[in-house]
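This report refers to the structure that appears directly beneath it.
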Protein chains: 4
Amino acid sequence: MCPRTTSQFEHIRKEKRQLILDSALNVFAKKGYHGASIATIAKEAGISKGLIYNYFSSKEAVLKETLYTGLEYMFEQYRFDPDKFTTEQFSQLIDLTFSLLEKDFAYWKIYFSVLMQAEVMELIQDKLMEIMIPIIEGFSIILAKMGYNNPMQEARFLGATIDGLSINYITDPKSFPKQYCVNRLKSIYNLPLK
Amino acid sequence: MCPRTTSQFEHIRKEKRQLILDSALNVFAKKGYHGASIATIAKEAGISKGLIYNYFSSKEAVLKETLYTGLEYMFEQYRFDPDKFTTEQFSQLIDLTFSLLEKDFAYWKIYFSVLMQAEVMELIQDKLMEIMIPIIEGFSIILAKMGYNNPMQEARFLGATIDGLSINYITDPKSFPKQYCVNRLKSIYNLPLK
Amino acid sequence: MCPRTTSQFEHIRKEKRQLILDSALNVFAKKGYHGASIATIAKEAGISKGLIYNYFSSKEAVLKETLYTGLEYMFEQYRFDPDKFTTEQFSQLIDLTFSLLEKDFAYWKIYFSVLMQAEVMELIQDKLMEIMIPIIEGFSIILAKMGYNNPMQEARFLGATIDGLSINYITDPKSFPKQYCVNRLKSIYNLPLK
Amino acid sequence: MCPRTTSQFEHIRKEKRQLILDSALNVFAKKGYHGASIATIAKEAGISKGLIYNYFSSKEAVLKETLYTGLEYMFEQYRFDPDKFTTEQFSQLIDLTFSLLEKDFAYWKIYFSVLMQAEVMELIQDKLMEIMIPIIEGFSIILAKMGYNNPMQEARFLGATIDGLSINYITDPKSFPKQYCVNRLKSIYNLPLK
DNA sequence: GATGAATGAGAGTTCATTCAT
DNA sequence: CATGAATGAACTCTCATTCAT
């Protein structure tokens, strides 16, 4: 019963590919990149080690793809039009950030873990820039409208602050005062609370 | 011939021990804990793998010692008396943070890298808490005096923000607008600029 | 092509596992536990070092399994009912001992080698006791019936004597007067010669 | 104060050499040959690792010498004249064996441990034969006088039995019924009990 | 497409041995 | 004679990757 019709192939490939990425994300988040073994990822996915190499060229490629997928998803979520700006929208973007953190906890855990390792960082540097720059620029447009004299620098300050809050939340989700910090951040920018 | 005197041996041990710690710091910063191998650290130090085990009991011990040394140094620097508080002092603490980041760049790189890896984090959790808690509490006393209603939560917000700025600076020291961010942070707390 | 069937894999695993145990036994017998390296065992088996860890969790596990297999086999052979005792049976047990020594020479070599190394001994202590105690006790029942006043002590004397003869045979199988010693031992207990 | 007069050298060398051998014996007995490290032996002797190589060419040489020394001592003790034979003497030889076991417990522990390892055995094979053969032959002369038809084979039986009792005593000195076994052995040869 | 047995490079670690002092 | 820092080979073990089926 091994052979299949060609028509089924593509569907199977796509599903299995995603299954591997999902499993990889879970294992990476739990054990970190070096701690996660291909064997463990395969077991998590319920498939054989060999099959992973049918879909990805290496463990590194699995990580890269995992991170890419997440980045693209984030990019989708953050799509906003800075020209039709309202402070309401700004406020929602901050809320969005923290709801994404909560929703895709595993992803952000491995994302931040990997962020700090120079050699792994290089793997995704380009993609990351491609995605972050428009977001930062979008914020800078908004901040310009809000009257900041150095909107690009202010955007980086804002980004860095969000990073800091995110990392602290990810590292210690139970005791980190998320709601307080969200409101505090909004108050700094005179944004309406939800 | 006669054997070396005890003091000669002590001198050698002290110097070599520091050489190993310095080399380890560099390699850890470049590759992360798991990515750094004892072989690489040895090569960086220009010694044999085996010699490292003459000075440290394991790779883990090398990391611990590396981080401990830095944490203790930081602790020394941050020693402040929250009861004799002035906004001037608060301002200086923020400056101190960024000047330490600049001065011990490699150290902070591995520090933040390690901070994100749960399983590595466990190794230094206790020491870290021992050092961080008094600092956070010190800040919370200051923030209470400044009139914040939730000083402990505000202290965590402040800490997280400093983390975020630090990580962004460490990741991209060339283009990160450090001075702008320092001033911005001070302005949030109505501190005097330098 | 299609993957191997489960039964094919099972067959491979069973055969290779035995191959490793056999090779390990030979190398252990020649070099002792500490002197035998996984590399040597792998070379003896004509496989890679790594593969051994596909079948056994550690070198210790290989030794344990090697010895366990032998002990269980011995236990099977020595199964006797001391209540239905005849001197004929006693005589046969002595013969059995020496025919086992001859048949599984390599096994007994490592067995006695390991017996003497306290720290290795601990690995199999429990299993060994589980098997030896009933045998010693069986003998003591027989010896009681034969009229010995201290049957348990006599059983230990008998056991020790058998050990001594066995070790001398194993150490120097060519010139040790096995047949003479078997008969001599039987004569001590007034057993019928074969 | 480093240089010494030449006259002192020889005395120091002899004493230190013996100190190393004694320490080595203790460590070997406790940990076995492979488990004992030069570092541990040096520490036990209160000297430096390097110094051991001033007296012995290798770890193997230390073991060899340790065993040699013991064998020679044993040889001294067992010196007897088979031509002036009495059963009283025979009986005393058996007693001697067990009192030596007790007196030099550490030595016999490493001796028997090493006895079973083919490759280590080769180191002392020659010396051992040189010493054992006269003893075995001495016994065979005695046994011939006692009327045994195959005195040489009987001597080997006796030797093997003594080995077995010895090993059992060494392995488990607390619960082994030494006295019973000594008497039992004597009874087999119709020797006077002490 | 799918399996897992098999490989081999490299990891951390130990330790007999050397050698400058 | 004596030291212990230093080496390097060998150890056990792991794991990304390959490949016959």
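Reminder, nothing fancy here: chain letters follow the sequence lines and each chain counts from 1.
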query = Which whole-number value in Å describes the distance from C/Glu10 CD to E/dT3 P?
reply = 16 Å

query = Does B/Tyr53 put a side-chain nitrogen or oxygen below 4.0 Å from OP1 or OP2 of E/dT14?
reply = no

Residues in contact with DNA chain E, drawn from residues 32-43 of chain C - heavy-atom cutoff 4.0 Å = none

Under 3.5 Å: donor-acceptor pair, side chain of D/Lys30, backbone of D/Ala106 = no

inquiry  = Once hydrogens and angles are ignored, does a donor-acceptor distance under 3.5 Å link the base of F/dT3 to the side chain of D/Lys49?
reply    = no

request  = Output yes when a side-chain donor or acceptor of B/Ser23 lies under 3.5 Å from a complementary backbone atom of B/Leu19, and no otherwise.
outcome  = yes

remark   = Residue pair D/Glu60/A/Gly50 against DNA chain E: nearer the 5' end by closest nucleotide is A/Gly50

query = Rounding to a whole Å, what distance do you find between D/Leu63:CG and E/dT17:P?
reply = 12 Å

task = Return one dot-bracket line describing DNA chain E 5' to 3' (Watson-Crick or G-U wobble pairs, both distances under 3.5 Å; ( ) same strand, [ ] crossing, | another strand, . none).
result = .||||||||||||||||||||

request  = Would you mind telling me which residue lines up with the more 5' stretch of DNA chain F, C/Ser58 or B/Ile52, judged by nearest nucleotide?
outcome  = B/Ile52

query = Taking B/Lys31 for the side chain and B/Ser37 for the main chain, is one N or O donor matched with an acceptor at less than 3.5 Å?
reply = no

key: Whole-Å gap separating C1' (E/dA2) and CG (A/Leu19)   = 14 Å

query = Quick one: A/Lys16 NZ to E/dA2 C1', roughly how many Å, whole number?
reply = 8 Å

ask   = B/Ile20 has an atom CD1; how far is it from atom P of F/dA5, in whole Å?
value = 11 Å

query = Would you say a side-chain N or O of C/Arg13 is under 4.0 Å from OP1 or OP2 of E/dG4?
reply = no

query = Are B/Glu65 and B/Ile20 close enough that some pair of their side-chain heavy atoms sits under 4.5 Å apart?
reply = no

inquiry  = Cation-pi check for C/Tyr33 against C/Lys59: NZ or CZ below 6.0 Å from the six-membered ring centre and within 45 degrees of the axis, yes or no?
reply    = yes

key: Residue pair A/Asn54 / A/Arg13: nearest heavy atoms and the distance that separates them   = O-NH2, 3.1 Å

From E/dT13, E/dA5, F/dG8, nucleotide with atom closest to C/Tyr55 side chain = E/dA5

ask   = Any idea which of E/dA2, F/dT3, E/dT21 is nearest the D/Leu51 side chain?
value = F/dT3

inquiry  = Output the rounded distance in Å from CD (B/Gln8) to C1' (F/dA2).
reply    = 13 Å

request  = Can you see which heavy atom on C/Ala36 is nearest to which on C/Phe28, and at what distance?
outcome  = CB-CD2, 3.6 Å

query = Is there a donor-acceptor contact under 3.5 Å from the side chain of C/Tyr107 to the main chain of C/Leu71?
reply = yes

key: Whole-Å gap separating P (F/dA5) and CZ (B/Arg17)   = 13 Å

ask   = Which one, F/dA5, E/dG8, E/dT3, comes nearest to the side chain of B/Asn54?
value = F/dA5

task = Compare every heavy atom of C/Leu21 with every heavy atom of C/Val62, then report the nearest pair and how far apart it is.
result = O-CD2, 4.1 Å

Closest to the B/Lys59 side chain, choosing from E/dG12, E/dT3, F/dT21 = E/dG12

query = Rounded to the Å, how far apart are D/Lys31 NZ and E/dT14 P?
reply = 13 Å

ask   = Can you check whether A/Asp104 reaches A/Tyr73 side chain to side chain, under 4.5 Å on heavy atoms?
value = yes

